[in-house]
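For reference, the structure is listed below as structure tokens.
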Number of protein chains: 2
Amino acid sequence: MDVARLAGVSIAAVSRTFTPGSSISSKLSKKVHKAALQLNYVPNNLARSLITRRTNIVALMLPNLDNQVYSALLSEASLRLQENNTQLLLFTPNDDNDFDRTLQRMLEYQVDAIVIAAASISSRMAALCLGRDVPVVMLGRHLPSLSVHSVRGDAEDGGVKAAQLLLNGGGKRFGIISGSQSFTTMLERKQAILKHLSSSSGIEDVVIADGKLTYEGGYQAALEVMSSAERPDSLFCLTDIMALGAMDAIRHKLNLRIPEDVAVIGFDDIPEAAHESYKLTTVRTPVRQMIHHMMELIALESSEEPPQTIMIDAELILRSSTRSVPSHL
Amino acid sequence: MDVARLAGVSIAAVSRTFTPGSSISSKLSKKVHKAALQLNYVPNNLARSLITRRTNIVALMLPNLDNQVYSALLSEASLRLQENNTQLLLFTPNDDNDFDRTLQRMLEYQVDAIVIAAASISSRMAALCLGRDVPVVMLGRHLPSLSVHSVRGDAEDGGVKAAQLLLNGGGKRFGIISGSQSFTTMLERKQAILKHLSSSSGIEDVVIADGKLTYEGGYQAALEVMSSAERPDSLFCLTDIMALGAMDAIRHKLNLRIPEDVAVIGFDDIPEAAHESYKLTTVRTPVRQMIHHMMELIALESSEEPPQTIMIDAELILRSSTRSVPSHL
DNA sequence: CGTAATATTGTAAAGGCTTACAAAAATGTT
DNA sequence: AACATTTTTGTAAGCCTTTACAATATTACG
């Protein structure tokens with residue numbers, strides 16, 4: 001190509017000067033660089049990828065960016081990947097759009113790996129990816145039936161820890177604000193809470209409301225839960241954004257005090273949870289660690305590796321939305 | 001390739017069945033589809049792009065996702081682009097990373113267009129992009145010297161409207177919480193406020209504090225501003241996240257009332273601004289419209305088009321952090 | 001039914017790069 | 001200096017498509 005001609009070298013030579021680790025003399029390299037600069041030459045990744053079978057692109061499927069947890073995942077993933085010279089190609093399916101089609105498009109782009117945060121994937125597609133040696137890792141979700149990697153916070157552990165905390169805080173009547181969508185994580189958190197409440201204190205009556213996974217959803221669901229005959233004195237919100245809505249509903253609409261009248265605990269630890277206005281006690285979703293493991297799973301060469309499920313311990317972040325342990329304990 | 005062989009047709013035929021609008025009989029198309037399904041064939045965008053010179057990828061450079069404005073831009077852009085079958089390739093430079101290198105990498109990926117939200121670009125690079133016919137559009141920022149497109153909210157208009165509002169609310173002593181980084185938007189907002197305050201009411205003394213563009217930054221800056229000799233009764237926060245921090249500092253640390261003791265106005269209208277806990281009056285950054293125009297600018301074929309600067313009127317979102325107009329007006 | 005017009009198909013070149021292989025140059029060894 | 005090594009370079013094939021062009025099949029029409 002032109003650069004080669006101008007520099008008076010072979011095409012292979014220019015390729016080598018732009019491929020770190022190739023054998024090229026500094027004399028040639030210098031000539032090529034000069035010519036490249038003169039011609040505003042930029043290597044063409046397409047052609048390169050076509051032959052090397054590596055695009056340095058990882059596809060990421062995100063449900064939406066409204067929930068800050070996803071922003072955090074996205075941000076962290078992007079940063080870490082960039083350290084390896086690879087970029088994120090973003091896919092945000094809108095509801096009617098079926099996932100299989102999105103997956104298919106990812107494959108068309110020949111991405112090096114596929115990361116799916118929430119939302120699921122059909123086993124047909126999982127097989128397709130496997131067949132093409134494209135690692136798939138699910139973030140914060142897990143389908144045992146699927147042979148793809150997954151990394152997530154330990155929802156059960158988190159649920160238990162949350163239940164313990166509210167129990168220790170002297171809670172007697174419990175409420176749960178859950179998401180209407182049936183994400184496994186939500187379900188697991190809920191089950192764990194219910195089970196622990198029952199097994200450790202014999203509590204069976206828990207008021208549950210489902211809402212959308214938004215501030216508004218939490219607000220409405222809180223209104224619902226708190227107006228039940230036996231008003232809860234302890235509230236689990238399966239997601240921080242919902243917790244924020246719930247807190248605002250409780251304080252500003254219902255005029256109740258947190259945590260005196262009702263203790264609130266959330267899940268995720270989004271940035272707002274730390275705001276002075278909320279100071280929400282929550283079970284953290286370990287974004288850094290999740291992405292760290294994601295990177296490892298992506299790097300796994302052969303798809304011969306059996307699918308791994310990595311589970312990260314829950315970490316309780318204590319703030320002021322829950323009662324501290326009564327003194328007599 | 002294999003599909004062609006299995007289907008018993010030419011390579012061109014399979015290409016045509018996967019290229020909408022090509023001339024292909026339904027008989028052949030059916031045969032090809034069958035074979036493709038059998039072989040799990042997925043078209044290779046790389047090869048296609050190499051020849052068509054279109055990747056259906058748009059590069060987006062974002063400073064960080066902490067600020068929800070950027071999440072919103074990202075989200076909206078991704079959604080709109082997907083409607084045109086194109087995906088976002090994300091670049092999040094970390095500070096030490098120089099922008100020119102990032103730009104260069106974008107070009108290597110042969111992206112169809114480059115969108116830059118905040119952060120700047122050297123004129124050398126602008127020229128390079130122009131030379132390769134890659135449209136560049138800057139979001140929310142503008143450098144007159146650069147020949148790239150830009151679309152942004154009218155910061156001046158916004159500043160004036162904000163100033164008017166706080167003035168009408170009976171403000172006498174004013175404070176501004178600004179960002180330490182020198183984004184043009186910040187500067188323009190500040191200038192506009194200062195100018196309007198001065199020209200319409202002869203106010204020259206304004207307490208200004210710079211902070212990081214974060215909740216924390218706003219919190220600290222508010223503490224600083226509010227402890228000045230003449231404590232402001234009206235506070236401009238050049239960014240909503242900073243405004244949230246400021247509000248929390250004012251209420252929970254300083255124990256002052258909003259808006260009675262001090263009126264607060266922000267810029268951007270991020271989702272949290274609408275939360276019951278804040279109810280922040282703010283000047284909206286018109287994300288939808290910005291992306292809408294971005295799409296148009298990207299579509300512009302020839303880079304012969306002169307660079308356009310699209311300015312969108314500011315919209316005041318009235319909530320409860322500002323005083324309403326005194327009755328005697 | 002024969003010819004003209006149109007639609008469908010195949011052939012082969014091209015797109016910009018990497019890389020196996022062979023040839024040439026530089027370096028080391030005795 | 002003669003040879004064995006090692007390093008550098010060039011040649012050419014190949015990665016998977018699209019597409020101009022020519023060839024063939026189909027349809028329309030008098």
Side-chain angles (χ1 to χ4, degrees), chain A residues 1-36 39-57 85 104-112 128 131-134, chain B residues 1-36 39-57 85 104-112 128 131-134:
Chain A
M1 84 120 30
D2 310 333
V3 179
R5 193 150 6 101
L6 179 60
V9 301
S10 74
I11 289 188
V14 6
S15 166
R16 290 191 181 105
T17 78
F18 286 102
T19 308
S22 321
S23 119
I24 185 90
S25 71
S26 61
K27 201 194 326 174
L28 268 214
S29 170
K30 227 170 281 172
K31 271 205 276 186
V32 171
H33 270 116
K34 199 167 131 232
L39 296 178
N40 279 333
Y41 170 76
V42 172
N44 185 329
N45 270 357
L46 294 177
R48 171 187 302 221
S49 299
L50 190 53
I51 185 160
T52 59
R53 280 139 192 304
R54 259 188 133 267
T55 47
N56 286 330
I57 296 179
N85 248 273
Q104 162 106 14
R105 296 211 60 225
M106 291 178 173
L107 292 177
E108 288 176 8
Y109 281 104
Q110 312 295 121
V111 297
D112 293 338
L128 220 177
R132 324 190 124 244
D133 240 306
V134 178
Chain B
M1 85 118 29
D2 310 333
V3 178
R5 194 151 5 102
L6 179 60
V9 301
S10 74
I11 289 189
V14 8
S15 165
R16 288 198 254 264
T17 78
F18 285 101
T19 307
S22 316
S23 118
I24 185 90
S25 72
S26 60
K27 199 190 332 169
L28 268 213
S29 169
K30 226 169 281 171
K31 271 203 277 188
V32 171
H33 270 117
K34 199 168 130 230
L39 296 177
N40 280 333
Y41 170 77
V42 172
N44 185 330
N45 270 358
L46 295 177
R48 172 187 304 221
S49 298
L50 189 54
I51 186 160
T52 60
R53 276 135 196 306
R54 260 189 132 264
T55 48
N56 285 331
I57 296 180
N85 248 272
Q104 162 107 14
R105 297 210 59 225
M106 290 178 173
L107 291 177
E108 288 176 8
Y109 281 104
Q110 311 296 120
V111 296
D112 293 337
L128 221 177
R132 324 190 124 244
D133 241 305
V134 178

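Nearest nucleotide to the Asn44(A) side chain, out of dG10(D), dC17(C), dT11(C): dC17(C). The side chain of Ala47(B) has dG15(C) as its nearest neighbour among dG15(C), dT18(C), dT9(D). Among the nucleotides dT17(D), dG10(C), dT18(D), the one closest to the side chain of Tyr41(B) is dT17(D).
The CG atom of Leu50(A) sits 10 Å away from the C1' atom of dT18(C) (whole-angstrom rounding). At whole-Å resolution of the value, CD1 in Ile11(A) and C1' in dG14(D) are 14 Å apart. At whole-Å resolution of the value, CZ in Arg54(B) and C1' in dG16(C) are 19 Å apart. Going from atom CD1 of Ile51(B) over to atom P of dA12(C) covers 16 Å, rounded to whole Å. Phe18(B) has its CZ atom 15 Å from the P atom of dC16(D), to the nearest Å. Leu28(A) has its CG atom 11 Å from the P atom of dA26(C), to the nearest Å. Counting to the nearest Å, the P atom of dT19(D) and the CZ atom of Arg53(B) are 12 Å from each other. Straight-line distance from the CZ atom of Arg48(B) to the P atom of dC16(D): 15 Å, rounded to whole Å.
As judged by a 4.0 angstrom heavy-atom cut-off over every strand, Thr52(A) is placed among residues touching the sugar-phosphate backbone only. At a threshold of 4.0 angstrom between heavy atoms, the contacts of Thr19(A) are confined to the sugar-phosphate backbone, with no base atom among them. At the heavy-atom level, Ala13(A) lies under 4.0 Å from the strands shown only through sugar-phosphate atoms.
Taking for each of Arg16(A) and Leu46(A) the nucleotide of DNA chain C with the nearest heavy atom, the 5'-most of the two is the partner of Leu46(A). Of the residues near DNA chain D, Ser49(B) and Ser23(A), the one whose nearest nucleotide (by heavy atom distance) lies more toward the 5' end is Ser23(A).
With sequence neighbours excluded, no residue forms a side-chain contact (heavy atoms from CB on, under 4.5 Å) with Ile51(B). When the side-chain contact (heavy atoms from CB on, under 4.5 Å) test is applied to Ser29(A), the partners found at least two apart in sequence or on another chain are Thr17(A), Ile24(A), His33(A). In this view, Arg48(B) and Phe18(B), Pro43(B), Asn45(B), Thr52(B) satisfy the side-chain contact (heavy atoms from CB on, under 4.5 Å) rule, not counting sequence neighbours. Applying the side-chain contact (heavy atoms from CB on, under 4.5 Å) rule to Thr55(B) yields the partners Leu46(A), Ser49(B), Ile57(B), Gln110(B), Asp112(B); only residues at least two apart in sequence or on another chain are considered.
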>> Across nucleotides 22-27 of chain D, 5' to 3', mark each nucleotide with B, S or - according to how protein heavy atoms within less than 4.0 Å reach it.
In response: ------
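OP1 or OP2 of dT9(D) sits under 4.0 Å from a side-chain N or O of Ser25(A).
Side-chain contact between Arg105(A) and Asn85(B) is present, with heavy atoms from C-beta onward closer than 4.5 Å. Within the 4.5 Å cutoff, side-chain heavy atoms of Arg132(A) are placed close to those of Val42(B).
Scanning both residues, Ser15(B) and Thr19(B), for their nearest heavy atoms gives O-OG1, 2.8 Å. Scanning both residues, Val14(B) and Ala4(B), for their nearest heavy atoms gives CG1-CB, 3.7 Å.
For Tyr109(B) (side chain) and Asn56(A) (main-chain N/O), a donor-acceptor pair under 3.5 Å exists by modelled atom type.
Taking the screw axis at each terminus of the helix from dC1(C)-dG30(D) to dT30(C)-dA1(D) from five consecutive base pairs, the angle between the two is 20° to within rounding of 10 degrees.
Once rounded to the nearest 0.5 Å, the distance linking CG of Leu128(A) with CE of Met106(A) reads 13.5 Å.
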